[in-house]
Amino acid sequence: MSAQNKSEDHKQFTQFLPEVKRYLNELEHQDLWWTTVAMVGKINNENIDPQLLLSIVETQKEFQNLRDTMIKELIGRYLNQANSEIMLKAQAAIDILIRNLFERTADVGFLATDDDLVDFMVKPNVTDEDKEFIHERIIEYVAKYTVYDDVLLVSVNGDVKAKLDLNNPVTHSRDPIIHEAITTKEEYVEIYRRSDLFPNKADSHIYAKKIEANVNGQIETVGVLCLSFNFQDEMERIYKTLSQGQQGYEIMLLDDQGKAISCNSSDKTKRNTKQVDPHVFSSPERSGDKLQYATKTHGYQGYYGLPWLGFVQVPNNVAFADKTDGHEIDVTIPSDSPLYLRDLEETNLKVSTLLLIVILNGKILSLKRDVKAFLPVLDSFQNISIDIQEIFNSFIHHIHHVLVKTIQGKAAFSATLGVEVMDRNLYERANDCRWWALNSSFRQILSRYNQTQEITEAETRKLTDILGYINKLYTVYTNIMLYDQRGRILAVSNPVEGHLIDTIIPRPNDTSRCLSLEDTQSYVVSDFHNTNLYGDEYTYIYHAAVKDWENVNRNVGGIALVFDSKPQFEAMLKETEPKYLNQQINKTTFSFFVDRRGMIIASTNEKHQIGETLDLPSEILTADNGQNDTIYWLWDEVPYLVGYKVSEGYREYKNGDGYDNDVIALVMTGI
């Protein structure tokens, strides 16, 4: 794009920017007054040196160039602010979803090997009691993993053997996904389209995996597990997070044809209609009176999902409106800051100096040649110089203000994304421990052990194999342990930590609380602490009770999941940190997760490590759940803009499930 076209592109946005229009009008008024005064001086002072008049004209051109540069600079800053917002929203829309869906790939792999489901599918004839048992089993599963709205067990010929949703009328399916799941060399099949498996839905997001069993010494495929992800419900939650109460932003997911498969708009016609050509935008583009941006996911642990794009479009008048929800931050950017617009200030000084030199030379010449009539003209130029200087100083200050607001918005939004990703991730951990505790093999073996206080080598091997298989699917844990009623470890998933078997799990208060849990929906999470179960570093450990095989009201042991917190939390922070065009600003940006005391749970700043307590402003530490804002903080004599968001949970996690653990995300950018 040529420089002229870029300039024209910038000018078209002026109508949406009242501050830019005001400065432009003021400067154009000074330019016109300059021209008028110069004309008066030329007409009424024939004896003045023509070189002086030429200098006045040339200096005016310098002023005009500076005016155009500053207007372009200011519009560019506003445009960068608007572009950053839609880029962040589009990227987050697809990336948050992909992180969620990554967990589903592990779910379908594990649930398809669940002993109870496998045994049910092997039986040639099932009783009503069998059907009731497996239905209750599925209900237990979805009570924990509430992201699913249905679960089907389908025979190899398409007959539906069990389902969660009894209002789903399907009894037999001809959907090719059944054959694909049976024949694929991949671990699972993922689709999003209409399916006769779920005829009540226009489109279904399905994860399918074959169920295999040992039948008479041979491994045979006995059916297919189909998990129906509650796609629309999840997207509505994502849109709510990304919208932050702002109106006018259309956030969508597009398929590989550029059609909207989901949209936050109440206009239902948006769905299944083509929005853009299916390409990834290198930067936001203009479409009529709107800005728009589409992007692929960054992926998560090698998973990229279906070929979807995150897409945002917004009318120009909304894009450039003042949307700062937090309080106004009145901060002066220090002159040694990389944000400080030194080039513009120097150019402003240059123009002022040139005009001052012209005025001084003019006065000297006027006095030498006794052309006193020209002195009022020079006085007028001096007044113009003072006015222009004030306008440009105010102009530069306003550009600084826009820069601050851009950082303010980015830091606050990034903090929101950081804590949202954290809550969503830990929601899964709470689900995992409760579901795995219900594994029938765990319950049967620990029930027998509780009666005899003996465990055979075969039983230990079986427990170890199941735990190891789980840990391979769910890689966010360094170890998964089963323990008895005394907290003694019976089996571990990580063979490197086999030495822990027969030892007592540290922190008996946690195991005691777990062994006192009364139902299968409850769980226990340790404090964030350093433990020898995690190499003497800080982490959370998730516990759930293993129920007696004959009596669900009696606990025979527990399961403990050691969350690999350091790399997981650090990745969450790094993925959600703001990215600035100015690399120097990027270098001053870092983020934390902290608790209510200010203790660091995760950090991207090497100088401040996990376990350290920050002396944070009380307005952050005492902020309400869900509060999101940005403050100015002078920390160690360095000024920062600090975006923060206090966790508010995800779905039922930390929202009435008995677990209370406030985490605050901080995003800090030095100014």
Side-chain angles (χ1 to χ4, degrees), residues 1 5 9 12-13 15-16 78-101 190-195 201-206 229-300 303-321 323 409 413 417 420 579:
M1 183 181 289
N5 286 338
D9 273 355
Q12 65 161 318
F13 298 120
Q15 60 181 307
F16 307 110
Y78 275 114
L79 187 58
N80 177 50
Q81 187 181 55
N83 286 343
S84 294
E85 189 138 20
I86 65 172
M87 292 173 74
L88 284 169
K89 290 182 187 294
Q91 195 68 62
I94 185 66
D95 282 349
I96 290 177
L97 177 64
I98 289 300
R99 263 185 167 271
N100 189 317
L101 298 183
E190 178 185 1
I191 63 166
Y192 181 79
R193 56 170 170 76
R194 186 167 183 80
S195 172
K201 300 175 69 175
D203 292 296
S204 297
H205 194 171
I206 306 171
F229 180 69
N230 197 341
F231 179 79
Q232 293 302 335
D233 175 72
E234 180 58 23
M235 290 311 304
E236 287 174 8
R237 293 173 185 271
I238 292 175
Y239 294 145
K240 182 179 179 182
T241 296
L242 300 184
S243 295
Q244 296 184 307
Q246 296 172 355
Q247 301 297 317
Y249 283 83
E250 288 190 319
I251 311 173
M252 306 183 196
L253 280 182
L254 308 183
D255 65 15
D256 55 359
Q257 301 302 308
K259 292 182 179 179
I261 58 176
S262 174
C263 179
N264 70 332
S265 173
S266 57
D267 182 0
K268 303 300 183 184
T269 62
K270 294 284 185 182
R271 292 177 186 163
N272 298 316
T273 59
K274 189 168 184 176
Q275 300 299 316
V276 293
D277 289 329
H279 72 283
V280 178
F281 293 29
S282 58
S283 61
E285 297 179 357
R286 182 166 48 89
S287 176
D289 64 346
K290 295 182 178 181
L291 292 175
Q292 58 184 22
Y293 180 73
T295 182
K296 289 182 179 178
T297 179
H298 288 139
Y300 182 64
Y303 171 75
Y304 293 88
L306 297 173
W308 292 341
L309 302 175
F311 177 72
V312 174
Q313 64 180 6
V314 59
N316 289 330
N317 64 316
V318 175
F320 292 104
K323 297 176 290 294
F413 188 66
L417 294 182
E420 175 82 6
K579 304 296 185 294

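Below, each value reflects all heavy atoms present in this structure, side chains not excepted, and no hydrogens, waters or symmetry copies.
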Steps toward side-chain contact (heavy atoms from CB on, under 4.5 Å) verdict (I191, L306): CA-CA 8 Å; I191 63 166; L306 297 173; 5.8 Å; no
Please determine if R99 and D95 form a salt bridge, counting it only when a charged side-chain N lies under 4.0 Å from a carboxylate O. no
Using the rule given for side-chain contact (heavy atoms from CB on, under 4.5 Å), can you reason through Q292 versus V312, listing the C-alpha separation, both sets of side-chain angles and the distance that settles it, and then say yes or no? CA-CA 6 Å; Q292 58 184 22; V312 174; over 6 Å; no
Give me the atom names and distance for the closest heavy-atom approach of T241 to E420. OG1-OE2, 3.3 Å
Please tell me if the side chains of E85 and F413 come closer than 4.5 Å, counting only heavy atoms from C-beta onward. no
Enter the distance from K296:NZ to I98:CD1 here, rounded to the nearest 0.5 Å. 12.0 Å
Gap between atom CG of N316 and atom CZ of R286 - 0.5 Å precision: 8.0 Å
Of the non-hydrogen atoms in A92 and L417, which two are nearest, and what is the gap between them? CB-CD2, 3.7 Å
Distance-minimising heavy-atom pair for S262 and Y239: OG-OH, 2.7 Å
Parallel, tilted or perpendicular: rings of Y192 and F231 (30°, 60°): tilted
Can you tell me how far the OG1 atom of T297 sits from the CG atom of L101, to the nearest 0.5 Å? 9.5 Å
After noting the C-alpha distance and the side-chain angles of F320 and L79, does the key distance pass the side-chain contact (heavy atoms from CB on, under 4.5 Å) rule? CA-CA 8 Å; F320 292 104; L79 187 58; 3.7 Å; yes
Side-chain touch M87/T295, heavy atoms, less than 4.5 angstrom: no
Show the numbers, then the answer: is there a side chain to side chain donor-acceptor pair (under 3.5 Å) between T273 and Q275? CA-CA 6 Å; T273 59; Q275 300 299 316; 2.9 Å; yes
Just by modelled atom types, is the R194 backbone N or O under 3.5 Å from a matching donor or acceptor in the D203 side chain? yes
Should K201 and Q232 count as side-chain neighbours, where that means a heavy-atom distance under 4.5 Å? no
If you measure from CD on E250 to CZ on F311, what distance do you get to the nearest 0.5 Å? 8.0 Å
Closest non-hydrogen atom pair, I94 against G310: CB-N, 3.8 Å
For G248 against V318, the heavy-atom pair lying closest together: CA-CG1, 4.2 Å
Just so I know, are the side chains of L97 and I238 near enough to count as touching, which here means a heavy-atom distance under 4.5 Å? yes
Would you say that more than 12 heavy atoms from the other residues, nucleotides or ligands in this model lie under 6.0 Å from the NZ of K579, or not? yes
Does any non-hydrogen side-chain atom of Y249 lie less than 4.5 Å from one of I86? yes
Measuring from atom NZ of K259 to atom CG of L254, what distance do you get when rounded to the nearest 0.5 angstrom? 12.0 Å
Taking side chain as C-beta onward, heavy atoms only, is Q246 less than 4.5 Å from K89? yes
Measuring from M235:CE to N264:CG, what's the distance to the nearest 0.5 Å? 9.0 Å
Are the side chain of D289 and the backbone of P315 linked by a donor-acceptor contact shorter than 3.5 Å? no
Is there a donor-acceptor contact under 3.5 Å from the side chain of N83 to the main chain of P284? no
